There are 2 protein chains.
Amino acid sequence: MSSGKGGGGGGKKKEVKKETKLGMAYKKDDNFGEWYSEVVVNSEMIEYYDISGCYILRPWAMEIWELLKEFFDAEIKKLKLKPYYFPLFVTENVLQKEKDHIEGFAPEVAWVTKSGKSDLEAPIAIRPTSETVMYPYFSKWIRSHRDLPLRCNQWCNVVRWEFSNPTPFIRSREFLWQEGHTAFASKEEADEEVLQILELYRRIYEEFLAVPVSKGRKSEMEKFAGGLYTTSVEAFIPNTGRGVQGATSHCLGQNFAKMFDITFENDKGSRSMVWQNSWAYTTRSIGVMVMTHGDDKGLVLPPRVAPLQVIVIPVPYKDVDTTAIVNECKKTVEALEKAGIRADLDTRENYSPGWKYSHWEMKGVPLRIEIGPKDMANNQARIVRRDNGAKADIPTVDLVQKVNGLLDEVQKNLFETAKQKRDACLKIINTWDEFIAALNDKKLILAPWCDEEEVEKDVKARTKGDLGAAKTLCTPFEQPDLPEGTTCFASGKPAKKWSFWGRSY
Amino acid sequence: MSSGKGGGGGGKKKEVKKETKLGMAYKKDDNFGEWYSEVVVNSEMIEYYDISGCYILRPWAMEIWELLKEFFDAEIKKLKLKPYYFPLFVTENVLQKEKDHIEGFAPEVAWVTKSGKSDLEAPIAIRPTSETVMYPYFSKWIRSHRDLPLRCNQWCNVVRWEFSNPTPFIRSREFLWQEGHTAFASKEEADEEVLQILELYRRIYEEFLAVPVSKGRKSEMEKFAGGLYTTSVEAFIPNTGRGVQGATSHCLGQNFAKMFDITFENDKGSRSMVWQNSWAYTTRSIGVMVMTHGDDKGLVLPPRVAPLQVIVIPVPYKDVDTTAIVNECKKTVEALEKAGIRADLDTRENYSPGWKYSHWEMKGVPLRIEIGPKDMANNQARIVRRDNGAKADIPTVDLVQKVNGLLDEVQKNLFETAKQKRDACLKIINTWDEFIAALNDKKLILAPWCDEEEVEKDVKARTKGDLGAAKTLCTPFEQPDLPEGTTCFASGKPAKKWSFWGRSY
């Protein structure tokens, strides 16, 4: 690239001259933050944009997002969710209708005040989430119990103009998500759906992204602003010792129904308020996957979400006919594609096989197949796994079957390895001193807690520092025994539950 | 719905109390504007929003959008288009880089100036289109001829804060679209893609939406701001005598490449500028379909885009067992679904069959199947077509096959009927007097033109009025003979081509 090329944009923060450098400048264990930036840029998932906190999602990220969407959208359609698109904009008046809700979001709301050179009559907000955009119309559409349940989902962008450290995928000012919004006649139905959706989120993380998560319930302090209760799937990044909220499924109770007057004539002829849920997962999920599986060679992709599952690379030798090798590679790709495997070949002549190996390792492709003259002669191909580097020479006739088996193995191994690493960080503590030691030791802390908001605030205050304060991540649904007389690690009062604590993203 | 329900939003403009009223208040021929609003609201495609020019897309519209997307996205993936997502925001500096481009869009740009209670350092624009968002990064990503072609597509929302009369789908301040942005080494490749994409747009209109369109080239005045030339598919609405631009495929030439410094090392080792295209179609396409096929009973949906192709309605009789009828209806739906037909049944007990007929006619479902005791006894079902009201009693054993055939027939008939109506409006003229007469007569005018910008401006000035001025719609690729000596209808100078003229949306 010629110097002096500008175009006004690009990589203010991370000016990586080559799209895919060979080798990484940073190591995951040495400088996690720089390592992460390097992986997402060099793998061509992300390009930094000239507005801080905004990122360009390139095909290597978008194709993962599309694969996740394909799964999730089909699942929620089975649950009778219908597609909607509500406007990007919301008036100040409506946005402020639910007091707790707007308190939670107000500092991050972006306001449009001008069009062309004219001032708007009144500022208009860009949706940080769409409860207040949608619910005035729920009020209009829902009249009778026959209109229930109402189940809306939209795939869209939202904007939260945060000022804390922006990180690609994990914390950005604009991001993509789906947001489901539903209304039911009874709390039981709402409660049931909260968990159905949470289970889909668990599957996205564990079955697709191969990231182990814990299902649980958020504390009163951490729940959705204006809601009744929030459930979430929580992941953990061993390298930084931070929890990361994977996705949330909220029961809003009847709070918004009250504010927006969403009532229905029940089967006894009198009016009741609806019970509502909202739930979302975002492009953050891709970042959590990168952090979990990536290594010092770059990205590592679980096969189920890899845009490319197998890269086939011809390995020509001097004085050997390369046409035959390339043809064999093409045949291999065709055979794999025919079996439903996402495969491609890299026939670029201006790069060496070694450069290509590094390139596709950087991009995290789960399997590499190398075919050279010796392989041709022996009717075999070499398969190399990205997750553990294992190599095997496989007879051509067995190749497709072997690849299918290996893709399953890689998927499973990534999850098992991540789970072992996560579990190795788990520390059950009982006292404040143990808590602080575990926090300094980057542990995922499970602690007995009195479940009082004042105590959580106190823990936050006492752990404030450069790395950020500790807080509750969630109260896991899977609870260890809580023997009578167990006391809260922070307050000394009787403990009511075990909760996960730690720093978080 | 109880009176006094507010919720702060909803239907400021069109307060339609019942979602699907029985019968329409307006007729297509008497008051087209009100008729259109009524159709899109009563069919449950659109809900008016409390910000003017913004609309809620309900499932009945979004499912059509998804069906169109499924087709188009698969087609462009065959052309090696890759999915991207670029940010919603663009800085003032970058937006203004291409002078003609920003002049075209500046009056409609929405500006974010505040986040929370703080003023931003500099105002940030919301994308009206993404040329200036993307091209600084094209400059970064493209270095060698091996990086070409670069082919990006994104599905997203854009904002154009227009002040002219907003109309659902047709002219809204926020709308959904896909935007393709590509860069090539040669003009030939760019030219070829412009037409490949235009053909896909034709197929969307003609094969899916059953709306006849003309392919052609825009005049210099009407071309994309900053581009080299613009091609489009143009539809025509006989009732209003207005043309409507269906979708555009632009060759941008090297203009943006120059401004954003997008160059590549060619195979001779020196640097060249890329040739670029951009192209888009929007949710407007749904509005054009509604205007084309709708009638005084409401929406009429072409089967290929109908969220529901067949509605099955039980017709119970007094003292006859309804369970058996409902079971027969269920079996019918199952058989249709098994054959890949989108079918559902309406078993609601609080509505009469007659009400249901009107309801699903309002929503435009292509075929209705009625099953009553007599049909059961005769092993048949009654099928009623939405497009022409034709009724037939079909033996149960032939039902699926018959439905498949009828869906094809309805699709074809809608297109043929629309084409006949459109063609009946076509008026070839040669003089100014004929032009004015045809314009007043709501014709689609094909006129010999000298192809001079000053003349088009003059025509606009001379036809100004309440209904809006006339302008060129496009110069169709299919040109009638232009005998030597033919003169321009407006200037009397030698004519260079036949162009479509008229008022437009």
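Remember, predicted model here, so these are calculated numbers, not experimental data. Letters A, B, ... mirror the listed sequences (proteins, then strands); counts begin at 1.
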Original post:
What part of Pro87(B) gets closer than 4.5 Å to chain A, counting heavy atoms only: side chain, backbone, both or neither?
Top reply: both
Subject >> Between Asp261(B) and Ser139(B), a side-chain donor and acceptor under 3.5 Å >> reply: no
Subject >> Interface moiety of Lys117(B) toward chain A, non-hydrogen atoms closer than 4.5 Å >> reply: neither
**OP:** May I ask you to decide if the ring planes of Trp155(B) and Trp65(B) are parallel, tilted or perpendicular, using 30° and 60° as cut-offs?
**Re:** perpendicular
Original post:
Relative to chain A, which segment of Phe163(B) carries a heavy atom at a distance below 4.5 Å: side chain, backbone, both, or neither?
Top reply: side chain
Subject >> Heavy-atom contact with chain A under 4.5 Å, split by part of Val159(B) >> reply: side chain
Original post:
In terms of heavy-atom pairs under 4.5 Å, which option from Thr283(B), Val133(B), Leu120(B), Val112(B) contacts chain A the most?
Top reply: Val112(B)
Original post:
Is it the backbone or the side chain of Ala106(B) that comes under 4.5 Å from a heavy atom of chain A, or both, or neither?
Top reply: backbone
Original post:
Can you tell which of Tyr84(A), Phe89(A), Tyr85(A), Trp161(A) has the highest number of heavy-atom pairs within less than 4.5 Å of chain B?
Top reply: Tyr85(A)
**OP:** Please check if any side-chain donor atom of Trp111(B) sits under 3.5 Å from a side-chain acceptor atom of Glu92(B), or the reverse.
**Re:** no
Original post:
Does any heavy atom of chain A fall under 4.5 Å from the side chain of Gln154(B), the backbone, both, or neither of them?
Top reply: neither
**OP:** Check the angle between the aromatic planes of Phe256(A) and Tyr135(A) and answer parallel, tilted or perpendicular using the 30° and 60° thresholds.
**Re:** perpendicular
**OP:** Select, from Thr132(B), Leu176(B), Val90(B), Ile126(B), the one with the greatest count of heavy-atom pairs under 4.5 Å involving chain A.
**Re:** Leu176(B)
**OP:** Quick one: sort the Tyr137(B) and Trp141(B) rings into parallel, tilted or perpendicular, breaks at 30° and 60°.
**Re:** tilted
Subject >> Arg151(B) and Thr182(B) side chains, donor-acceptor separation under 3.5 Å >> reply: no
**OP:** Counting only heavy atoms closer than 4.5 Å, note whether Arg146(B) contacts chain A via side chain, backbone, both or neither.
**Re:** side chain
**OP:** Take Glu265(B) and Arg143(B), measure what salt bridge (charged side-chain N to carboxylate O under 4.0 Å, His left out) needs, and give me the verdict at the end.
**Re:** CA-CA 6 Å; Glu265(B) 192 178 283; Arg143(B) 279 168 268 137; over 6 Å; no
Original post:
Between Pro83(A) and chain B, which part of the residue has a heavy atom less than 4.5 Å away: side chain, backbone, both or neither?
Top reply: both
Subject >> Test item: side-chain donor near acceptor, Asn153(A) and Glu179(A), under 3.5 Å >> reply: no
